[in-house]
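Take a look at the structure below.
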Protein chains: 2
Amino acid sequence: MDRWSTPLLLDQRSKSVKMSFMTTPAPRTPRRSDALSRERIVEAAIEVLDTAGESGLTVRAVTAHLSTGRGAIYHHVTNKDELLAAAADGVISQVMATAVGDEDPRRAVRALALGIFDAIDDHPWVGTQLPRDPLQPAVLQIWRNLGVQLHHLGVAGTALSDAGSALVNYILGAAAQHAAGARRVPDDAARKDHLGRIAAQWAQLDAHPLMRESAALLHEHDDRAQFLAGVDIFLAGVLHRKGGTAPL
Amino acid sequence: MDRWSTPLLLDQRSKSVKMSFMTTPAPRTPRRSDALSRERIVEAAIEVLDTAGESGLTVRAVTAHLSTGRGAIYHHVTNKDELLAAAADGVISQVMATAVGDEDPRRAVRALALGIFDAIDDHPWVGTQLPRDPLQPAVLQIWRNLGVQLHHLGVAGTALSDAGSALVNYILGAAAQHAAGARRVPDDAARKDHLGRIAAQWAQLDAHPLMRESAALLHEHDDRAQFLAGVDIFLAGVLHRKGGTAPL
DNA sequence: ACCTGAACACCGTTCAAGT
DNA sequence: ACCTGAACACCGTTCAAGT
């Protein structure tokens, strides 16, 4: 399940200890003490992404973080794309592990969605990565966990495929939208200014009265609440279509 | 409204005609005859994107297409990012112009959504571009057109913001998902093989019975129908929450 | 004003050579 | 087997120089 907590490379370390017994007392190289591994590389990638953003994730930055050569990465990871997908999967795995166990499937769906939302708030690069590939591990994980809850709601067969893809697509779209905003506004103080500028931009770009009203509403706008409102609209739609269950 | 159908650079061309009157009969340079402009550059970008894909859009490729120097682009466009956003806006503008005028707002929402879906089927790079920036012109255009129809449905105020963002987010997420698939499967013959491989991959990656069932359903799976099913789920949710309108 | 194309400061990825 | 780091084949963007 959790790829990230396994102890790393015990066999290799013990081998080097045995070797140092019959040679000089430990070569004292200036390199890092631990051996490289896929897990360590992905951890380093997450740290680079969290501090320098998605554009800061370069193979050179990761190798500097691990004090190794550029090519070493390619012994454990095939691609930079795969590295990004693995990093996103690492974050989503933790969310899925924490946001477990609610007996009410509707509450469970909300909890899963909010967990993903908050994770993207902390790691905006995850939000831009998720919509990039429907078959990446992180997306499959989201699909399965939501699918289970929808099944508990009594949805099955083609209806489950339709509902699941709708919910996943909504979450991925919202994730990307929110990530773009979170990327641009790092501190909470400049948030109000930022929303003001967006509202002005909307009003300027588009003279339609509906857009002006929406732009005005942006001022007292809560991304998290709006995200959850979307989840509830979706749930209402699913339950309404499968025959009148109790309203939310 | 439509930036792309306007005749290009009438003033500049007529000026050069007037000039050639009093100088030698046209200098006969080996360069292109028309002057550069933002519109021409965006047109060239769309052509490059359609033939070479998103990774094929390089400033060098665009300049080769226009037989000009690299730096000339930056006289009309600030960025490569802005160029991509402008190209996506060009495609979406045409969709919005064609998918107008249905008196029934629910049918109008479906028509708009399907128009976007089909455009992404034709231009997969649009699907990956849209979720990248919520404030890009193409996304604002989608927002407004859907917002108008939701308003016709009787939704207003905060409910309109919530419903609009839910629908836009769903469409952007679905667009990205479908674009990834369409990018990988260019010809229609390999499509069945492709879905078979995906199904096998799902079944292999995930032993959960729900996922196995979903994987099996992938075989007789219609992206377009599933996309529309998602739109209907959201419409049902919106109408159900605002008080029982007639079921879809 | 508009355009050119060399130059700059980067990339991801490969691969012979080392241990 | 694992790692190194120089080398390769690219990028986006800038800018003095031309017209």
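Every heavy atom of this structure was used, including side-chain atoms; hydrogens, water molecules and symmetry mates were not. Protein chains get the first letters and strands the later ones, always in sequence-line order, with residue 1 at the start of each.
- Atom CG of Asp81(B) is separated from atom C1' of dG12(D) by 10 Å (rounded to the nearest Å).
- Using a cutoff of 4.0 Å between basic side-chain nitrogens and carboxylate oxygens, Arg132(B) and Glu82(B) are not scored as salt-bridged.
- Contact annotation: Asn79(B) side-chain N/O to dG12(D) OP1/OP2 distance is not under 4.0 Å.
- Nucleic acid contact for Leu83(B): none, since no nucleic acid atom lies under 4.0 Å from a heavy atom of the residue.
- Taking for each of Val59(B) and Gly71(B) the nucleotide of DNA chain D with the nearest heavy atom, the 5'-most of the two is the partner of Val59(B).
- Whole-Å rounding puts the Leu66(B) CG to dG5(C) C1' distance at 16 Å.
- With rounding to the nearest 0.5 angstrom, the OG atom of Ser165(B) is 15.0 Å from the OH atom of Tyr170(B).
- Set against dC3(C), dG12(D), dG12(C), the side chain of His75(B) has dC3(C) as its closest nucleotide.
- Scored by the side-chain hydrogen bond (donor to acceptor under 3.5 Å, both in side chains) test, Asn145(A) finds no partners at all (sequence neighbours excluded).
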Watson-Crick or G-U pairs under 3.5 Å in DNA chain C, rendered as dot-bracket with [ ] for crossing pairs and | for another strand: ||.|||||...|||||.||
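- Each of Arg40(A), Glu43(A), Glu47(A) was checked for a side chain to side chain donor-acceptor pair (under 3.5 Å) with His65(A), and the lone residue meeting it is Glu47(A).
- Donor-acceptor pairing under 3.5 Å is lacking for the side chains of Ser161(A) and Gln226(B).
- Put simply, CZ on Arg38(A) is 17 Å from C1' on dC2(D), counting in whole angstrom units.
- Gln136(B) and Gln129(B) share a side-chain donor-acceptor pair at under 3.5 Å.
- Atoms CD (Glu82(A)) and P (dT13(C)) sit 11 Å apart, rounded to a whole Å.
- The distance from atom OH of Tyr74(B) to atom C1' of dA7(C) is 14 Å, rounded to the nearest whole Å.
- One interatomic measurement links the two molecules: CZ of Arg60(B) to P of dA6(C), which rounds to 11 Å at whole-angstrom precision.
- Here the two rings, on His178(B) and Phe227(B), have centers that are 6.0 Å apart or farther.
- For the pair Ile73(B) CD1 and dC3(C) P, the computed distance is 10 Å after rounding to whole Å.
- Mapping Ala72(B) and Ser55(A) onto DNA chain C via the closest heavy atom, the residue that lands nearer the 5' end is Ala72(B).
- Remark: the Arg70(A) side chain and the dG12(C) base include no donor-acceptor N/O pair separated by less than 3.5 Å.
- Comparing dC3(C), dT13(C), dA7(C) by their nearest atom to the side chain of Leu36(B) picks out dC3(C).
- Atoms NE2 (His76(B)) and C1' (dC3(C)) sit 9 Å apart, rounded to a whole Å.
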